[in-house]
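Contents: one structure, followed by commentary.
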Amino acid sequence: MAKAEKTEVFDVAIEKVFKVLSDLESYPDFMTGVENVEVVNTNGNKIKARYDLNLVKKFAYTLDHVIEEPNKISWSLDSGDLLKKSDGSWELKDLGDGKTEV
């Protein structure tokens, strides 16, 4: 099974990073290939969202997210027309001095 992991440090406070990453519908503004994100359902800290992507080929999928403010957003695949599995998370660490490890 394929796995990917990357860590970056940003000169931005953790609260601001979390706010951007938890605004799923804004992903087309800063993520290459993401054409649209539609929140389908919200139940407390659980969000179901449909993603439309165009990365070499157009495809779509729906993820179930769990929002754990202020430092984690996790997801798992609900359905999709190309993917069979997608589990992952954004994990944030406050490094102080307005820096956040993502």
Side-chain angles (χ1 to χ4, degrees):
M1 172 176 300
K3 181 179 178 180
E5 184 174 318
K6 184 171 182 168
T7 301
E8 294 280 339
V9 175
F10 295 93
D11 288 325
V12 180
I14 191 170
E15 298 83 10
K16 289 182 180 181
V17 175
F18 189 86
K19 183 177 179 181
V20 169
L21 293 178
S22 62
D23 181 6
L24 306 176
E25 292 174 319
S26 74
Y27 281 23
D29 296 338
F30 65 92
M31 295 187 105
T32 303
V34 178
E35 291 187 333
N36 186 55
V37 178
E38 176 188 356
V39 171
V40 177
N41 188 9
T42 301
N43 183 7
N45 70 333
K46 296 178 180 163
I47 299 172
K48 184 182 296 280
R50 175 188 161 86
Y51 292 76
D52 294 303
L53 282 78
N54 188 0
L55 300 167
V56 180
K57 175 184 174 149
K58 287 188 175 197
F59 62 101
Y61 54 84
T62 302
L63 298 177
D64 292 317
H65 301 81
V66 177
I67 309 294
E68 299 175 56
E69 194 169 353
N71 60 353
K72 187 173 183 182
I73 301 167
S74 57
W75 63 84
S76 61
L77 183 68
D78 175 72
S79 62
D81 56 350
L82 182 65
L83 298 176
K84 294 186 191 263
K85 184 169 178 89
S86 179
D87 297 316
S89 63
W90 295 106
E91 297 185 33
L92 311 179
K93 182 177 179 184
D94 187 349
L95 300 178
D97 295 327
K99 295 183 185 288
T100 303
E101 180 181 280
V102 181

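Nothing here was measured: the structure is a model prediction, and the numbers come from that model.
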Checklist entry - Step by step, would you call Glu101 with Thr7 a side chain to side chain contact (heavy atoms under 4.5 Å, CB included)? => result CA-CA 7 Å; Glu101 180 181 280; Thr7 301; 3.4 Å; yes
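- Residue Lys58 holds its NZ atom at 14.5 Å from CG of Leu82, rounded to the nearest 0.5 Å.
- Looking at Ile67 and Ile47, their side chains come closer than 4.5 Å, going by heavy atoms from C-beta outward.
- Counting heavy atoms from C-beta on, the side chains of Tyr61 and Asp81 never come closer than 4.5 Å.
- The neighbour count for Asp97 CG, taken as heavy atoms of other residues, nucleotides or ligands under 6.0 Å away, does not exceed 12.
- One distance of note links CE of Met31 with CG of Leu24; it measures 10.0 Å at 0.5 Å rounding.
- For CG of Asn43, the number of neighbouring non-hydrogen atoms (other residues, nucleotides, ligands) closer than 6.0 Å is 12 at most.
- Here the side chains of Glu25 and Val39 are in contact, with some heavy-atom distance below 4.5 Å.
- Considering every non-hydrogen atom in both Asp87 and Ser76, the closest pair reads OD1-CB, 3.0 Å.
- With values rounded to the nearest 0.5 angstrom, Leu21 atom CG is found 11.0 Å from Ser89 atom OG.
- Contact annotation: the side chain of Asn36 approaches that of Glu38 to within less than 4.5 Å [non-hydrogen atoms, C-beta and beyond].
- Between Lys16 and Phe18, every side-chain heavy-atom pair lies at or beyond the 4.5 Å cut-off.
- The structure places OG of Ser74 at 8.5 Å from NE2 of His65, a figure rounded to the nearest 0.5 Å.
- In this structure, NZ in Lys99 is found 14.0 Å from NZ in Lys93, a value given to the nearest 0.5 Å.
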Next on the checklist: Run Leu77 and Leu63 through side chain to side chain contact (heavy atoms under 4.5 Å, CB included) and show every step you take.
Outcome noted: CA-CA 5 Å; Leu77 183 68; Leu63 298 177; 4.1 Å; yes
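- By the 30° and 60° cut-offs, the orientation of the rings of Trp90 relative to Tyr27 is perpendicular.
- Within the 4.5 Å cutoff, no side-chain heavy atoms of Glu91 are placed close to those of Asn71.
- Counting only heavy atoms from C-beta outward, the side chains of Val37 and Arg50 never approach each other to under 4.5 Å.
- Exactly one of Asp94, Leu95, Val102 qualifies for a side-chain contact (heavy atoms from CB on, under 4.5 Å) with Ile14. That residue is Asp94.
- Residue Trp75 is grouped with residue Phe59 when hydrophobic side chains (ILVMFWY) are merged at heavy-atom distances under 4.5 angstrom, including chains of intermediate members.
- Nearest heavy-atom pair, Pro70 versus Leu92, reported as atom, atom and distance to 0.1 Å: O-CD1, 3.9 Å.
- The side-chain heavy atoms of Thr62 and Lys48, taken from C-beta on, include a pair separated by under 4.5 Å.
- Linking Ile, Leu, Val, Met, Phe, Trp and Tyr whenever their side-chain heavy atoms come within less than 4.5 Å leaves Val56 and Val34 in two separate clusters.
- In this structure, Asn54 CG and Thr32 OG1 are separated by 11.5 Å, a value rounded to the nearest 0.5 Å.
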